[in-house]
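Since the structure comes first, as structure tokens, the remarks are kept for the end.
Numbers restart at 1 for each chain; the letters A, B, ... are given by sequence-line order, proteins then strands. None of the values given here were measured: they were computed from a predicted structure.
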Amino acid sequence: MNKKLTYQSNGFFDEYITNNSFPRKGFKRSIGFFKSLTGSQKIYFKKLCESSISSMGVTFQLNAEELKDRLWPLDLIPRIISLNKWETIERGLSQRVNALNLFINDVYNKQEFLNKNPVLKDLILDSPNFLPECMGISPKNKVWSNICGTDLIRDHNGNFFVLEDNLRVPSGVAYMLENRNIMKRVIPELFNSYEVNPIDDYPSQLYQCLCDASFSTNQKKTIVVLTPGVFNSAYFEHSYLAQQMGVELVEASDLYVSRSGNVLMKTINGPKKIDVIYRRVDDIYLDPKTWLKNSTLGIQGIYKSWKSKKVAIVNAPGSGVADDKAVYAYVPKMIKFFLNERPIISQVKTYVCAIKKDLDYVLSNIDQLVLKPVNESGGYGILIGPQASKSELKEYKLKIINNPRNFVAQPLIKLSTAPTLIGKNIVPRHLDLRPFILSGKKSFVTKGGLTRVAMRKGSTIVNSSQGGGSKDTWIAD
Amino acid sequence: MLSSNAEKIYWLSRYIERAENTARLINVNFDLLLDIPHDHMSDIIHLVEITSDLEQFNQILIEQEMFYNASTSVMKNIVLDFVIYNRDNIGSISYSLEVAKMNARYLRTMLPKTAWEQFNNLHREFSLFDEKNHSSEVLQQLIRNSKTFFSTISDAMHRDHVFDFIKLGRFIERADMLSRIIEDQILRKDARIPKYYENLQWMSILKSINGFESFKKINKEELRRVNVLNFIFKLKEFPRSITFCINRLIAVSNYLPKSDDLEKKLVSLNKGISKINQKSTDKQLLKIIDAFQVDLIDLHLVIEKKFF
């Protein structure tokens, strides 16, 4: 049988096929499987996939106004990465997150690294993500971002790069877990023919990581997941993780701080003391007494309880300071400074517009660069220079000049592609990958992560809020 | 168990039971209308009185420039609209289901998957009906779906506190509705309705609680007030009797964290009912029912204070 896929890789790195459309090593079985399906079989598998998603209740919400849950979009063709390659990435991610945690701890304590990098210091002290109330605090094991989601991409040579680190409240891990469950149901034959590394121990790893964050000496820690509520777009994930860990899912109104500073949960058996809060609420909403005064998602006085180590908050308030895209530019330096090591994974060259030299470069090469606001996530506010119109570029240029501190720029990376089932056709689509890194007493990296796919032809926007899809990620020999 | 979850599951259960009871009431009342030959405008309005707020309904009539001299068929449609579909009417089926839905969103992980799906069916199928549809199919389907929801719970649910709060909500709601139906029947008796039709009305009450066949099994002779009262208040074997509801509440309370107040209230509810006998006059009955309803409200307040 002809093992060639029917499309060309078109100058991009395709993860399944070489430039002359032959399968790469390790991909023959998967290509063979999908190529052997007739059109109606493909439709059948797609339907089977959708009905599994529906009956398993894997949904997401676009926004608060839209009460209707949407079915999670999963593409049936798996993304496959060799175990060998993955082990290097795993070490690289641990190294990176370790350095970032030491950096955050330094920001809120001695500021040695900042003092060596005055431009960064300026940016940090000025950043809305820097919380002065956290000065002098050091969480257990000096870990601020216990749960980190780092976005990886592959360039035109297939090399992995870090695109950004999400150190605040990264989401997506529940979808990673459910993608695997769906794939096992829908195409068990293909799944069996690969030795795929399992991922389902994530909830127990997360539980351990949360226990590690507590200063309490209790043998058994009481842990809760704090959600902004049922209208939050990631509510499915919050309830999923709480259920999988066997802990309570709470809202702010379920908790209060006692006079002695303990955080208590209201139960039908009376108040119960909480040791660890896995919060899925942003920093400034956490305590109306300390931060946003009118926040209804927070708990009065919880900041003080955390500061006096009566409760652990995960991720720690203030950890978002390293989420800043300008901070990203300094990570290689951090790895050198804190660990005295060389970065194991590369990252994309980043121009920080707050630096005069970089700003000049950005303004004169704007049509070659990808421009990003430093404090947005979800793909919002990004302008892709080579694809933008003249007027868009002009408008964006003004924004940068008015507030250079707010922007960074990067060269456009040609994202890798993988075959994706659109209707009855197998076509290449761009993708990225979000592994999750847990830091407690030890560090843990998921075997793979959430692969996100831009479903529209040529698009590189993978966010599910903007019509992206997903794939199961197989780490296999 | 989180207090807030206990409260949500309790109300979810109450509102589903309430929607079902309201559907039963509407269904049987309109069944009955077909049998009573006189001008039954007051019977139509009666449905508003027993489920909803009459003043709010009158306001709607005024807004639509309608008066009580409208034809009975026109009025019937307005009333049915009001008690089935009007979401501003807190006594309507639609309102009950919306509140249930709000609570259910939070409870997804606490209910068995099959029960969660059945609740979604119930809500979806009701909302698919055209709001002009007043046929008894709307009501029958809702009753069926509600029954399926609760039987799925009984069938598939781990016996934990979630289950206990479902029972609490359901049987408090049921006891409340039963007492209101009887109260209403007694109050209505002084109307122009002849004796013969009074019995028809007692029969319709039995039907509305699915109890007619059971009643006949143990009361072969004619249908008499005292027998019906005894049946609805005291028959501990029938699941829609008040005593049955109280017994279930007592059973559930044994599984919950200990509360003396709760026990006391349940004892007091039972005591009130036991005062009813063959010789009870209407006046005495009304007094007992009144006290019973106050006790039910107190019971709710005790639960609220202790657990929520």
ask   = Heavy-atom distance under 4.5 Å to chain A: side chain of B:Lys113, backbone, both or neither?
value = side chain

request  = Could you tell me which portion of B:Glu117 (side chain, backbone, both or neither) has an atom closer than 4.5 angstrom to a non-hydrogen atom of chain A?
outcome  = side chain

task = May I ask you to decide whether B:Glu137 forms a salt bridge with B:Arg144, counting only side-chain N to carboxylate O separations under 4.0 Å?
result = yes

request  = Inspect the contact between A:Glu251 and A:Arg280 and indicate whether a charged nitrogen and a carboxylate oxygen are less than 4.0 angstrom apart.
outcome  = no

inquiry  = salt bridge (Lys or Arg N to Asp or Glu O under 4.0 Å), that's the test. Do A:Asp287 and A:Lys293 meet it? Break it down for me.
reply    = CA-CA 8 Å; A:Asp287 188 346; A:Lys293 301 287 175 253; over 6 Å; no

ask   = Is chain B contacted by the side chain of A:Val250, its backbone, both, or neither, given a heavy-atom distance below 4.5 Å?
value = both

Are [X] and [Y] near enough that their ring centres are under 6.0 Å apart?
{"X": "B:Tyr15", "Y": "B:Tyr10", "answer": "no"}
{"X": "B:His300", "Y": "B:Trp11", "answer": "yes"}
{"X": "A:Trp72", "Y": "A:Phe236", "answer": "no"}

task = Would you check if there is a donor-acceptor pair between the side chains of B:Gln118 and B:Asn145 at a distance under 3.5 Å?
result = yes

Steps toward side-chain contact (heavy atoms from CB on, under 4.5 Å) verdict (A:Val311, A:Asp275) = CA-CA 5 Å; A:Val311 73; A:Asp275 299 309; 6.0 Å; no

ask   = Is any residue of residues 151-175 of chain B within less than 4.5 Å of chain A by heavy atoms, and which ones?
value = B:His161, B:Phe165

ask   = When only pairs under 4.5 Å are counted, which of A:Ile268, A:Asp254, A:Leu249 shares the most heavy-atom pairs with chain B?
value = A:Ile268

